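The structure under discussion appears below in the form of structure tokens.
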Amino acid sequence: MLAAGALLFEVVWVRTGHRATAWWATLAAELAARPLGNLWILAGAAVAAALGLWLVILALTPGLRRQLPLRVPADGHGQTRAVLERKGAALLLRDAAMRVPGVSTARVRVRRHRATVRAGVGFRDTADVKDDLTDALRRAERDQLALARPPRLRVRVRRSRK
């Protein structure tokens with residue numbers, strides 16, 4: 001990273017009309033004097049290509065995106081690391097939503113920064129159900145999930161079709 005930053009700085013420095021530093025002039029002269037079939041040129045190109053391929057692979061792999069980190073216990077020393085799968089968090093929130101009176105269906109989608117809850121109301125006023133549902137979800141999020149960074153809740157309520 002530092003080498004890439006130094007190369008970028010040197011390129012900008014030379015392109016803006018300043019005199020090249022000694023190491024840059026030496027490197028440019030060496031690269032200009034060697035043919036493309038030189039062993040060192042081919043080895044450097046192979047290393048650069050392998051590094052670039054590795055970076056592309058790392059960029060395309062999902063990593064820990066499906067896991068949500070949990071809060072460290074208050075009495076802990078910070079050594080414990082626990083995670084919860086997004087599907088598990090969605091199931092906990094869906095169960096909490098289904099316990100609210102008036103909710104007949106609930107679909108929950110949990111992302112890294114937002115949890116979207118769509119609920120169908122079978123009876124009761126939708127505004128009352130939305131308030132109760134939001135309170136129940138916040139309690140469940142605080143008590144059961146214990147996430148390090150709780151997602152923002154988006155609650156959508158509509159009357160169920162019969």
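Basis for what follows: all heavy atoms, side chains included, without hydrogens, waters or symmetry-related copies. Keep in mind that what you see is a predicted model, and the values were worked out from it rather than measured.
Taking both residues in full, the closest heavy atoms of L137 and A96 are given as CD2-CB, 4.4 Å, listed atom of the first, atom of the second, then distance. Minimum interatomic distance between S160 and G120 (heavy atoms only, all atoms of both residues): OG-C, 3.2 Å. Of all the heavy atoms in L84 and L70, the pair that sits closest is CB-CD2, 4.0 Å. Across all non-hydrogen atoms, the minimal contact from G122 to S104 is N-OG, 3.8 Å. Here the shortest heavy-atom pairing between L93 and A140 reads CD2-CB, 4.4 Å. What you find for G37 and L42 is that their closest heavy atoms are O-CD1, 3.7 Å.
Pairs engaging residues 35-64 under the side chain to side chain donor-acceptor pair (under 3.5 Å) rule: none recorded [sequence neighbours left out]. Listed by first and then second residue, the ring pair (Phe, Tyr, Trp, His ring centres under 6.0 Å) pairs involving residues 6-28 are F9-W13, W13-H18 (not counting sequence neighbours). Evaluation of the side chain to side chain donor-acceptor pair (under 3.5 Å) test over residues 105-120, restricted to residues two or more places apart or in two chains, returns none. Applying the side chain to side chain donor-acceptor pair (under 3.5 Å) test to residues at least two apart or on different chains, none of the pairs has a partner in residues 140-152.
By the salt bridge (charged side-chain N to carboxylate O under 4.0 Å, His left out) test, E30 pairs with R34, sequence neighbours left out. Listed by chain and residue number, nothing satisfies the salt bridge (charged side-chain N to carboxylate O under 4.0 Å, His left out) test with R159 (two or more places apart in sequence, or in another chain).
The CZ atom of R158 sits 13.0 Å away from atom NZ of K130, with the distance rounded to the nearest 0.5 Å. The CG atom of L27 sits 9.5 Å away from the CD atom of E10 when rounded to the nearest 0.5 Å. Here L133 contributes atom CG and D128 contributes atom CG; the two are 12.0 Å apart, rounded to the nearest 0.5 Å.
Linking ILVMFWY residues whenever their side-chain heavy atoms come closer than 4.5 Å, directly or via other members, leaves M98 and F123 in distinct clusters.
Counted within 6.0 Å of CG on L53, heavy atoms from surrounding residues, nucleotides or ligands total more than 12; the atom is thus considered enclosed.
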(request) Dump the intermediate steps for side chain to side chain contact (heavy atoms under 4.5 Å, CB included) on V117 and R156, then the final yes or no. (result) CA-CA 6 Å; V117 180; R156 294 186 177 175; over 6 Å; no
(request) List the steps, then state whether side chain to side chain contact (heavy atoms under 4.5 Å, CB included) holds for T134 with D132. (result) CA-CA 6 Å; T134 305; D132 292 346; over 6 Å; no
(request) Begin from the C-alpha positions of L91 and K87 and carry the test side chain to side chain contact (heavy atoms under 4.5 Å, CB included) through to its verdict. (result) CA-CA 6 Å; L91 285 173; K87 288 181 181 181; 5.5 Å; no
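The closest side-chain heavy-atom distance from I57 to L55 is not below 4.5 Å. Residues E85 and R66 have side chains in contact (heavy-atom distance under 4.5 Å, counting atoms from C-beta outward). With contacts defined as side-chain heavy-atom distances shorter than 4.5 Å, the pair L145/L68 does not qualify.
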